[in-house]
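To start, the structure itself, in structure tokens.
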Amino acid sequence: MDVFALFASRVANALQVLYPEVGAELLARIVVEPPRDAAHGDLSTNAAMVVAKPLGKNPREVATALVEHFKHDADVTSVEVAGPGFINFRLADAIWHQVLRSIAAQGADYGRSNLGGGEAVNIEYVSANPTGPMHVGHTRGAVFGDTLASLMAYSGYEVTREYYINDAGSQIDTLARSTFLRYREALGETIEIPSGFYPGDYLVPVGQALKAEFGTKLLAMPEPEATAIVKDRVLVAMLELIKSDLALLNIHHDVFFSERQLHGQGGDIDLTLEWLRSKDMVYQGHLDRPKGGDTDGDYEDREQTLFRATNFGDDVDRALIKSDGSYTYFAADIAYHRNKFIRGFKHMINVLGADHSGYVKRLQAAVKAVSLDAADMDVRICQLVRLMKNGEPFKMSKRSGDLVTLADVVEEVGADATRFMLMFRRNDASMDFDFALVKEQTRDNPVFYVQYAHARTFSIFRNAGKELPALDFSAEALKVAEIERIVTSAELDLVRVLAAWPRTVTAAAIAHEPHRIAFYVHDLAAAFHGFWAKGKDDVQLRFVNVEDPKLTLARLALVNAVRQVIVNGLTILGVSAPDELS
RNA sequence: GGUCCCGUAGCUCAGUUGGAUAGAGCGUAGGAUUCCUAAUCCUAAGGCCAUGAGUUCGAAUCUCAUCGGGGUCACCA
């Protein structure tokens, strides 16, 4: 049950009774939300102000009529006009009791919605080049994409988590050559790794595996043949490495899509170019010298095969074929996104790093073109993460040269803290990630703070078991607890926070902003800690009351509701909810 | 130069897609532990929402310009 959605529909109904001429597009602009200042009541709506002008009426006049209407609503204890025409509602306790009952009844599904209506959405994230282990720069996008995917799935979308493997470029040839050196090393040669090659130790086992499989046979083969074999083997190995790194954060993709499969004669790129040409989206032409950007002076005026990206909102048209005749990366990407569209995705989300922000318009232009404007593409840019330790920039290197790897971070602070901290910030703001802070077990550390709140719900139950051994507080007993006994303002304020969960999830899903889930869970934890502490000052507010088992049971139902909503939030975030902290 | 992101308390950040007197945490000052985990809570001080205009009943939020910080620009991937 979503209190806000419930009253939004009641307000809309009331308006249609009072002013039948009000149209649907106007009703859509009406918002029912919690007022910023709790003193204004439980709910507030701008309905009168939205509707007044088109009706040619004064907002307060409309508001007064609505107020009269809601005076007969049994769930409303007071309703009044405020300010320029807001209508503020105060709700009967019974509404909050219903919220608690619906949390108990819905459990893990409380907050789940059918916003997406089962529509398919493709979320592409990580897509790091398969040339080595994941480094910390990939981690934010990985966590963001995975959490967004969970959020969308929770909101009724059919989600596909996709990884695009950039396995077709020249960096893969370099990778293969680097691996071949490791193979020779495994055969006993002393090798030297030239600059520009991949120096990381992670290629050593790949070289050894090649030795085990082929002995010295690869040395005798013609080079192209050997390179092809090495390339195949090393790509598989790198992908396994990446998968195992992602698994450290419990991230698993549904589809690993290889760029290589798009290339080749009669492949997707060929077909896509043919299609683009048939739609007159490609032409031969010249590009201007990049203004101020031609720093290395390698610009050369030349006739090129260009995609009419400017017709779809991009700043310049984009090259599709390189001077050596091969396709550009972008050409492959157009084909890739056409492939997504053909697979049935009308909604696509790409999660990219800050260094790709210049790529956004191009990508959106491509999707618009290949879908003939039938698909939408949202690109979420994750800004940089600076690793810090006690306020100092932090360097750590174990597995791959100078880079800090994802595995290093997880080993240092754990998967839960990594995930939560990265989501405790808007994706489009850069952030400092302080190891020292994340390892601290105080309220400065939001992960810990939330997990502590969850553990506290368990400790209350453990304690209730000791103090009232005869009390049955199984799930079934809690469902029939006398919720009406929840009447104090301190308790009801906590329920108000719980009531905001469904609208928080929905708003986060619409905006593609999973960080709101992290902030909500943190707020809920704060409300719960605050209520808990009130029991210190006022014995009457403690959860466990030996004199009154029925009241205790009602309050345990409240505690259980808090526990449930924290779990629902942490589940979307992919963070564990321990019963006890050690 | 074009383009994208950011600019909110001393610091780190939220701000419910345009709502009412702009909120948290840290830090600072004070307070609460015979009592459900003080790993917590409560109170106070602290603001020209970078600047200027515009849009309207109403702007931190939308538009434009300016200033400052960062990313990016290509036949790289």
Side-chain angles (χ1 to χ4, degrees), chain A residues 4 29 31 33-37 39-40 44 46 49 52-53 58-59 82-86 88 129 131 166 168-172 259 287 289-296 298-300 302 304-305 315-316 318-324 326-330 332-333 353-361 381 383-384 424-426 428-432 434 437 440-446 448-449 451-453 455-456 458-464 466-467 500 503-504 507-508 510-511 513 515-516 519-520 522-523 526 529-537 539 542-545 559 580-581:
Chain A
F4 302 93
R29 289 178 48 208
V31 177
E33 60 186 356
R36 282 228 173 107
D37 186 344
H40 290 133
S44 174
N46 60 354
M49 289 178 290
K53 201 170 189 187
N58 177 320
F86 288 102
N88 293 332
N129 287 345
T131 55
N166 298 145
S170 58
Q171 88 281 5
I172 299 301
E259 183 189 347
L287 283 179
R289 175 182 292 272
K291 286 174 186 157
D294 188 24
T295 44
D296 32 10
D298 59 358
Y299 171 79
E300 169 195 351
R302 183 174 72 79
Q304 308 194 74
T305 303
D315 303 315
V316 292
R318 303 290 177 177
L320 298 174
I321 298 179
K322 298 191 236 176
S323 56
D324 67 0
S326 64
Y327 290 121
T328 61
Y329 178 80
F330 183 54
D333 224 6
D355 54 340
H356 284 72
S357 58
Y359 201 70
V360 174
K361 285 188 181 178
I381 297 291
Q383 292 293 329
L384 300 170
F424 203 59
R425 177 69 48 100
R426 296 179 56 91
D428 48 14
S430 59
M431 73 182 296
D432 293 345
D434 196 314
L437 175 63
E440 230 170 80
Q441 296 202 339
T442 70
R443 61 169 308 161
D444 304 6
N445 178 346
F448 180 77
Y449 185 78
Q451 290 185 328
Y452 179 44
R456 222 169 204 184
F458 277 81
S459 93
I460 289 164
F461 274 90
R462 283 193 293 270
N463 194 274
K466 274 183 228 155
E467 293 199 37
R503 76 187 296 273
T504 302
I510 290 171
E513 289 185 352
H515 74 275
R516 295 195 198 187
F519 281 96
Y520 172 84
H522 189 263
D523 283 350
H529 284 311
F531 180 66
W532 190 92
K534 285 200 169 77
K536 294 255 174 210
D537 302 328
V539 181
R542 291 195 192 159
F543 296 105
V544 179
N545 185 329
V559 171
E580 204 167 356
L581 298 178

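Lettering follows sequence order; numbering is per chain, from 1. Computed from a prediction, not measured in an experiment: that's the story for all the values here.
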Think [X] has a side-chain N or O under 4.0 angstrom from the OP1 or OP2 of [N]?
{"X": "A:K466", "N": "B:C36", "value": "no"}
{"X": "A:Y449", "N": "B:C41", "value": "yes"}
{"X": "A:S459", "N": "B:U37", "value": "yes"}
{"X": "A:R542", "N": "B:C36", "value": "no"}
{"X": "A:Q304", "N": "B:C75", "value": "yes"}
{"X": "A:K534", "N": "B:C41", "value": "no"}
{"X": "A:R318", "N": "B:A74", "value": "yes"}
{"X": "A:K361", "N": "B:C4", "value": "yes"}
{"X": "A:K322", "N": "B:A77", "value": "yes"}
{"X": "A:K53", "N": "B:C57", "value": "yes"}

With [atom1] as the reference atom in both, quote the distance from [N] to [M] in angstrom, rounded to an integer.
{"N": "B:U28", "M": "B:C48", "atom1": "C1'", "value": "24 Å"}
{"N": "B:A39", "M": "B:A44", "atom1": "P", "value": "24 Å"}
{"N": "B:A77", "M": "B:U16", "atom1": "C1'", "value": "40 Å"}
{"N": "B:A38", "M": "B:A45", "atom1": "C1'", "value": "24 Å"}
{"N": "B:G7", "M": "B:G15", "atom1": "P", "value": "10 Å"}
{"N": "B:A9", "M": "B:G47", "atom1": "C1'", "value": "6 Å"}
{"N": "B:G68", "M": "B:G27", "atom1": "C1'", "value": "26 Å"}
{"N": "B:G71", "M": "B:C26", "atom1": "C1'", "value": "29 Å"}

* Asked: For A:L384 and A:P35, take the nucleotide of RNA chain B holding the closest heavy atom to each; which residue's nucleotide lies nearer the 5' end?
  -> A:P35
* Asked: If you find the nucleotide of RNA chain B closest to A:A82 and the one closest to A:H515, which residue's nucleotide is nearer the 5' end?
  -> A:H515
Atom-pair distance ([atom1] on [X]; [atom2] on [N]), nearest Å:
{"X": "A:H529", "N": "B:A32", "atom1": "NE2", "atom2": "C1'", "result": "17 Å"}
{"X": "A:L320", "N": "B:A74", "atom1": "CG", "atom2": "P", "result": "13 Å"}
{"X": "A:R426", "N": "B:U16", "atom1": "CZ", "atom2": "C1'", "result": "12 Å"}
{"X": "A:D428", "N": "B:G69", "atom1": "CG", "atom2": "P", "result": "20 Å"}
{"X": "A:N129", "N": "B:A77", "atom1": "CG", "atom2": "C1'", "result": "6 Å"}
{"X": "A:F424", "N": "B:A24", "atom1": "CZ", "atom2": "C1'", "result": "8 Å"}
{"X": "A:R503", "N": "B:U16", "atom1": "CZ", "atom2": "P", "result": "10 Å"}
{"X": "A:F448", "N": "B:G25", "atom1": "CZ", "atom2": "P", "result": "17 Å"}

So if I take every side-chain heavy atom of [X] and compare against [options], which nucleotide ends up nearest?
{"X": "A:D37", "options": "B:A77, B:C36, B:U21", "result": "B:U21"}
{"X": "A:Q383", "options": "B:A20, B:C5, B:G19", "result": "B:C5"}
{"X": "A:D315", "options": "B:G19, B:U3, B:U37", "result": "B:U3"}
{"X": "A:I460", "options": "B:C76, B:C36, B:G19", "result": "B:C36"}
{"X": "A:R425", "options": "B:A14, B:C75, B:U37", "result": "B:A14"}

Considering every strand shown, what is the Watson-Crick or G-U wobble mate of [N] when both distances are under 3.5 Å?
{"N": "B:A24", "value": "B:U12"}
{"N": "B:U72", "value": "B:G2"}
{"N": "B:U55", "value": "none"}
{"N": "B:U43", "value": "B:A29"}
{"N": "B:U61", "value": "none"}
{"N": "B:U34", "value": "none"}
{"N": "B:A50", "value": "B:U66"}

* Asked: Within the structure shown, what part of the strands sits under 4.0 Å from A:P84 by heavy-atom distance: base, sugar-phosphate, or nothing?
  -> base
* Checking all strands, does A:R456 fall into the base, sugar-phosphate, or nothing category for heavy-atom contacts under 4.0 angstrom? -> sugar-phosphate
* Asked: Relative to A:F4, does A:R503 satisfy both conditions: NZ or CZ under 6.0 angstrom from the six-membered ring centre, and within 45 degrees of the ring's axis?
  -> yes
* Classify the side chain of A:N46 versus the base of B:A20 as yes if they form a donor-acceptor pair under 3.5 Å and no if they do not. => no
* Is the base of B:A20 touched by the side chain of A:S44 through a donor-acceptor pair closer than 3.5 angstrom? -> yes
* Asked: Do the side chains of A:F458 and A:E580 get nearer than 4.5 Å, heavy atoms only?
  -> no
* Asked: Can you find a pair of side-chain heavy atoms, one from A:N166 and one from A:Y329, that are under 4.5 Å apart?
  -> yes
* Ion pair check, A:K322 and A:D324, cut-off under 4.0 Å -> no
* What is the minimum heavy-atom distance between A:Q304 and A:I321, and which atoms define it? -> OE1-O, 4.5 Å
* **Non-hydrogen atoms of A:I460 and A:V544 that approach each other most closely** => O-CG2, 4.3 Å
* Asked: Judged by atom type as modelled, is there a donor-acceptor pair below 3.5 Å linking the side chain of A:T305 to the main-chain atoms of A:L320?
  -> no
* Trace of the side chain to side chain donor-acceptor pair (under 3.5 Å) decision for A:R456 with A:Y452 -> CA-CA 6 Å; A:R456 222 169 204 184; A:Y452 179 44; 3.2 Å; yes
* To do: On the 0 to 90° scale, with breaks at 30° and 60°, tag the A:Y359-A:F330 ring pair as parallel, tilted or perpendicular.
  => perpendicular
* Indicate whether A:F86 forms a stack on B:G19; treat it as stacked only if centroid distance is below 5.5 angstrom and interplanar angle below 30 degrees. => no
